[in-house]
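To start, the structure under review is shown below, and the notes come after it.
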Amino acid sequence: RTNGGNKAWRIHKFVYGRRHCFYCFDIVGVIVHKVFQKRKMSGFNDTICAPSTPTGESAIAGIRLSGLLCGEIVEKSFGKTAQPRIACLGNYKDISQKTVDSVLYVYFKAPASYTGEDCLEIFSHGNPFIVQKLLDDLVKKGCRMADHGEFTRRAFLNKKLDLSQALAVSLSISARSQAALTASQK
């Protein structure tokens with residue numbers, strides 16, 4: 001694989017006990033980027049969640065979920081059957097059926113999602129307290145907090161992104177200048 005420039009990239013997999021690490025090396029063998037580290041090589045049986053917007057007060061905050069429980073969470077939290085790719089307004093109810101916030105949510109059925117799995121995006125008011133209550137409740141309903149880059153990792157493993165696209169996502173997120181952002185988008 002090439003990175004679009006002159007350098008060729010080599011991917012190597014290292015296995016340490018149950019952990020699998022993939023590293024991206026440049027042509028002379030220097031580690032350029034640790035692509036990911038995951039818990040198991042076999043599929044993903046868990047549902048992950050994480051804020052998709054920065055922390056702090058704002059008008060709107062986003063939470064993203066990916067995994068098998070997304071449809072069930074829509075039914076438990078909103079009392080409706082999940083309909084793919086339709087933005088819905090609803091009252092998010094916690095595990096004790098108390099309303100946490102009025103939110104907008106969108107359900108994406110696999111494989112037509114970013115990760116290739118069932119996904120759910122929830123947009124609440126941007127109060128950090130509300131976001132934390134939603135995340136705590138999602139964990140109680142069977143989700144776990146996502147590791148850094150795990151949504152993109154799942155997209156890569158489900159062949160929704162190739163390695164260069166996955167690295168471009170990482171570079172776009174970490175860009176600190178217009179030049180860095182432009183370079184990450186090529």
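Please read all numbers here as calculations on a predicted model, not as lab measurements. This chain uses plain numbering: 1 for the first residue, then up along the sequence. The figures here come from the full heavy-atom set of this structure, side chains too, leaving out hydrogens, waters and symmetry mates.
Grouped with Leu161 in one hydrophobic cluster are Ile48, Tyr114, Phe151, Val169, Ile173, the linkage being side-chain heavy-atom contacts under 4.5 Å among Ile, Leu, Val, Met, Phe, Trp and Tyr residues. Other members of the cluster containing Phe123 are Ile60, Leu104, with ILVMFWY side chains joined at under 4.5 Å, either directly or via other members.
Shown here for Gly116 and Ala110, the closest heavy-atom pair between the two residues is O-CB, 3.4 Å. The nearest pair of heavy atoms linking Ser172 to Leu181 is O-CD1, 4.2 Å. Here the shortest heavy-atom pairing between Met145 and Pro51 reads CE-CD, 4.2 Å. Shortest non-hydrogen contact noted between Val103 and Ser124 is CG1-CB, 3.7 Å.
Looking at residues two or more places apart in sequence or on another chain, you find a side chain to side chain contact (heavy atoms under 4.5 Å, CB included) between Asp136 and Gln132. Scored by the side chain to side chain contact (heavy atoms under 4.5 Å, CB included) test, Thr53 finds Ala61 as partners (sequence neighbours excluded).
When side chains are defined from C-beta on, Cys49 does not count as touching Arg144, because their heavy atoms never get closer than 4.5 Å. Side-chain contact between Leu138 and Ile63: present, with at least one pair of heavy atoms (C-beta onward) separated by less than 4.5 Å. Looking at heavy atoms from C-beta onward, Leu163 lies in side-chain contact with Leu167 at the 4.5 angstrom threshold. The closest side-chain heavy-atom distance from Cys70 to Tyr107 is below 4.5 Å. Within the 4.5 Å cutoff, the side chain of Tyr92 has heavy atoms near those of the Ile122 side chain. Side-chain contact check for Cys119 versus Leu65: every heavy-atom pair is 4.5 Å or farther apart.
At a threshold of 4.5 Å between side-chain heavy atoms, the hydrophobic network of Ile, Leu, Val, Met, Phe, Trp and Tyr places Val139 and Leu69 in one connected group.
The closest donor-acceptor contact from the side chain of Asp46 to the backbone of Cys143 lies at 3.5 Å or more, if one exists at all.
Atom CG of Leu134 is separated from atom NE2 of His125 by 11.5 Å, given to the nearest 0.5 angstrom. Of the inter-residue distances, the one linking Ser66 atom OG with Glu121 atom CD reads 10.0 Å to the nearest 0.5 angstrom. The structure places CD of Glu57 at 13.0 Å from CZ of Phe129, a figure rounded to the nearest 0.5 Å. The distance from atom OG of Ser170 to atom NE2 of His148, rounded to the nearest 0.5 Å, is 12.0 Å. Between Leu135 atom CG and Lys133 atom NZ the span is 12.5 Å, to the nearest 0.5 Å. Taken to the nearest 0.5 Å, the SG atom of Cys88 stands 6.0 Å off from the CD1 atom of Ile86.
Every pair passing salt bridge (charged side-chain N to carboxylate O under 4.0 Å, His left out) that includes a residue from residues 82-110 is listed here, sequence neighbours excluded: Lys109-Asp118.
Using modelled atom types and a 3.5 Å distance limit, the side chains of Thr182 and Gln178 yield a donor-acceptor pair.
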Distance-only donor-acceptor hits, side chain of residues 74-81, under 3.5 Å, sequence neighbours excluded:
unit_1, atom_1, unit_2, atom_2, d
Lys76, NZ, Glu72, OE2, 3.0
Ser77, OG, Ile73, O, 2.9
Ser77, OG, Lys141, NZ, 2.6

